[in-house]
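Convention: sequence-line order gives letters A, B, ...; per-chain numbering from 1.
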Amino acid sequence: GIQVEQSPPDLILQEGANSTLRCNFSDSVNNLQWFHQNPWGQLINLFYIPSGTKQNGRLSATTVATERYSLLYISSSQTTDSGVYFCAVGYSGGGADGLTFGKGTHLIIQP
Amino acid sequence: DAGVTQSPTHLIKTRGQQVTLRCSPKSGHDTVSWYQQALGQGPQFIFQYYEEEERQRGNFPDRFSGHQFPNYSSELNVNALLLGDSALYLCASSLGSREPYNSPLHFGNGTRLTVT
């Protein structure tokens, strides 16, 4: 099956710092999503981004499908950004598909 | 606009027992997927239901089964529980009835299952 690698595994930053999280995947995908899991376990969908670039406030994401990677940018970090960020990918030939998740990047934002 | 709701939030079962977890999808969604998340790991895909049928299945044994009802809600059943089944079980809903068939997943808060 498809392999998903996320880096770095852990990241500790001061409030206000910027960060870049990376997701590499081993095969063609037509479904890529970024999620944030907060300390209470809730998974929030940040981006549905199989290709191209999207921005939502302080967060933006870029997926280069031909080179099999995606990047998540967080600017001006806040303590509420702490948690685990997951990249999840899948390929569907015509019906929705289950996603394969990476192991995540554990982000800690210190005040 | 109600999001994805799951019940119960926590559950403790004994090895060998059976368990049923429930999920109501986000309003307007017709597809329900189930994931298992072990401590410190990313979620793993169990199966997906669309139009009351299992559309795709991950690498999980037959002890894991499910059902989708006409109102799109879903149940996950696990038989003959093992200690290793202890995990957070997440339900996600999406809109799978029109292109692009891959739509953003919306997750519920999960059910924490402990098997003793």
_Just verifying a value: how many Å separate A:Gln33 CD and B:Ser94 OG, rounded to the nearest 0.5 Å?_
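It comes to 8.5 Å.
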
Measuring from A:Tyr48:OH to B:Leu105:CG, what's the distance to the nearest 0.5 Å?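 The distance works out to 10.0 Å.
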
Chain B contact via A:Phe35 - which portion, at a heavy-atom distance below 4.5 Å:
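Only the side chain of A:Phe35 comes within 4.5 Å of chain B.
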
> Checking A:Gln37 against chain B: side chain, backbone, both or neither under 4.5 Å from a heavy atom?
Replying inline: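 Only the side chain of A:Gln37 comes within 4.5 Å of chain B.
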
Sub-4.5 Å side-chain heavy-atom contact between B:Gln48 and A:Leu99:
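No. Closest side-chain heavy atoms not under 4.5 Å.
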
Q | Heavy-atom proximity to chain A below 4.5 Å, by part of B:Leu90 | A |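 Side chain only.
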
| Contacting region of B:Gln44 [heavy-atom separation from chain A under 4.5 Å] |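 Neither part, no heavy atoms under 4.5 Å.
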
*Quick one: are the ring centres of B:Phe45 and A:Phe101 less than 6.0 Å apart?*
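No.
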
Minimum heavy-atom separation for B:Leu88 and A:Gly41, please, with both atom names.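 Result for this residue pair: CD2-O, 4.3 Å.
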
| message | Quick check: closest heavy atoms across A:Phe86 and B:Gln41, and the distance to 0.1 Å? | response |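 Shortest heavy-atom separation between A:Phe86 and B:Gln41 comes out as CZ-O, 3.9 Å.
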
Point to revise | Contact residues of residues 59-71 of chain B (partner chain A; heavy-atom separation under 4.5 angstrom) | key: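 Residues in range: none.
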
Joint cluster assignment, [X] & [Y], ILVMFWY side-chain distance < 4.5 Å:
X        : Y       : value
B:Leu81  : B:Leu11 : yes
A:Val4   : A:Leu71 : no
B:Leu113 : A:Leu43 : no
A:Tyr69  : A:Val89 : no
A:Leu32  : A:Leu72 : yes

